[in-house]
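Since we're looking at a predicted model, the values are computed, not measured.
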Amino acid sequence: LSGRETTATMNLEWLKASRHMRCAPPADALERILIAARDGATRAELLAIAAPQRPERANQWVDHLAWHRMIVFDLHARLENNTIFTAASTKEH
């Protein structure tokens, strides 16, 4: 396969590590993340909202939700702390 977009491929490679259910956020953190992402929030904001005392714990939670397309971002832009995530559908969650 030629012509694969490098940035999108790198983003997917990064996210796939958190695709398993063991990386899913607990129910209370899931709700906080989805509410915060309704109108768009940066990755850093979502991490802080999901786990205020230890935001680093929420890395896998945010990645898990992005992998499962519960929150979405521009796959063709480099995934960073200032990347904007938006809830995929407020009707579903």
Side-chain angles (χ1 to χ4, degrees):
L1 296 172
S2 63
R4 293 186 336 183
E5 207 280 311
T6 304
T7 303
T9 300
M10 288 175 28
N11 287 339
L12 290 173
E13 286 293 324
W14 179 265
L15 293 175
K16 80 176 186 178
S18 297
R19 70 185 181 269
H20 304 289
M21 287 308 295
R22 68 178 174 266
C23 298
D28 59 331
L30 171 64
E31 183 176 356
R32 288 193 302 272
I33 293 168
L34 294 178
I35 289 170
R38 273 191 195 149
D39 296 320
T42 66
R43 178 181 177 78
E45 291 168 336
L46 294 178
L47 297 178
I49 288 166
Q53 302 301 318
R54 294 187 53 205
E56 69 280 1
R57 292 190 52 175
N59 279 310
Q60 66 183 0
W61 301 342
V62 170
D63 292 350
H64 179 84
L65 297 178
W67 177 266
H68 291 280
R69 297 182 183 176
M70 295 177 75
I71 56 176
V72 295
F73 68 102
D74 180 1
L75 192 59
H76 300 286
R78 184 176 173 189
L79 181 56
E80 300 176 324
N81 276 338
N82 62 352
T83 298
I84 302 289
F85 286 86
T86 306
S89 172
T90 56
K91 294 178 185 175
E92 295 175 20
H93 307 293

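Residues Leu30 and Met70 share a closest heavy-atom pair of CD1-CE, 4.0 Å. Residues Thr42 and Glu45 come closest through the heavy atom pair N-OE1, 2.8 Å. Annotation for Ala41 and Ala36: closest pair CB-O, 3.6 Å, computed over non-hydrogen atoms. Nearest heavy atom pair, residue Trp61 against residue Ala50, reads CZ3-O, 3.7 Å.
Considering only residues two or more places apart in sequence or on other chains, His68 meets the ring pair (Phe, Tyr, Trp, His ring centres under 6.0 Å) condition with His64.
Contact of the Phe73 side chain with the Val62 side chain is not registered, since no non-hydrogen atoms from C-beta on lie closer than 4.5 Å. The shortest side-chain heavy-atom distance between Leu15 and Leu79 falls under the 4.5 Å cut-off. Here the side chains of Cys23 and Asp63 are not in contact, with every heavy-atom distance at 4.5 Å or above. The side-chain heavy atoms of Asn59 and Arg43, taken from C-beta on, include a pair separated by under 4.5 Å. Side-chain contact between Ile49 and Ile33 is absent, with no heavy atoms from C-beta onward closer than 4.5 Å.
A 6.0 Å sphere centred on CG of Asn82 holds more than 12 heavy atoms belonging to other residues, nucleotides or ligands.
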Problem set entry | Residue pair Leu46, Ile71: steps toward the side-chain contact (heavy atoms from CB on, under 4.5 Å) verdict | CA-CA 11 Å; Leu46 294 178; Ile71 56 176; 4.2 Å; yes

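Neither Ile84 nor Trp67 shares a network with the other; the hydrophobic side chains, linked directly or stepwise wherever heavy atoms of I, L, V, M, F, W or Y lie under 4.5 Å apart, form separate groups for each. Cluster annotation: Leu65 is connected to Leu12 through the hydrophobic network of ILVMFWY side chains, with a link wherever side-chain heavy atoms come within less than 4.5 Å. Note on Leu75: it clusters hydrophobically with Trp14, by side-chain heavy-atom contacts below 4.5 Å among ILVMFWY residues.
Separation of atoms OG1 (Thr6) and CZ (Arg78) is listed at 13.0 Å; rounding is to 0.5 Å.
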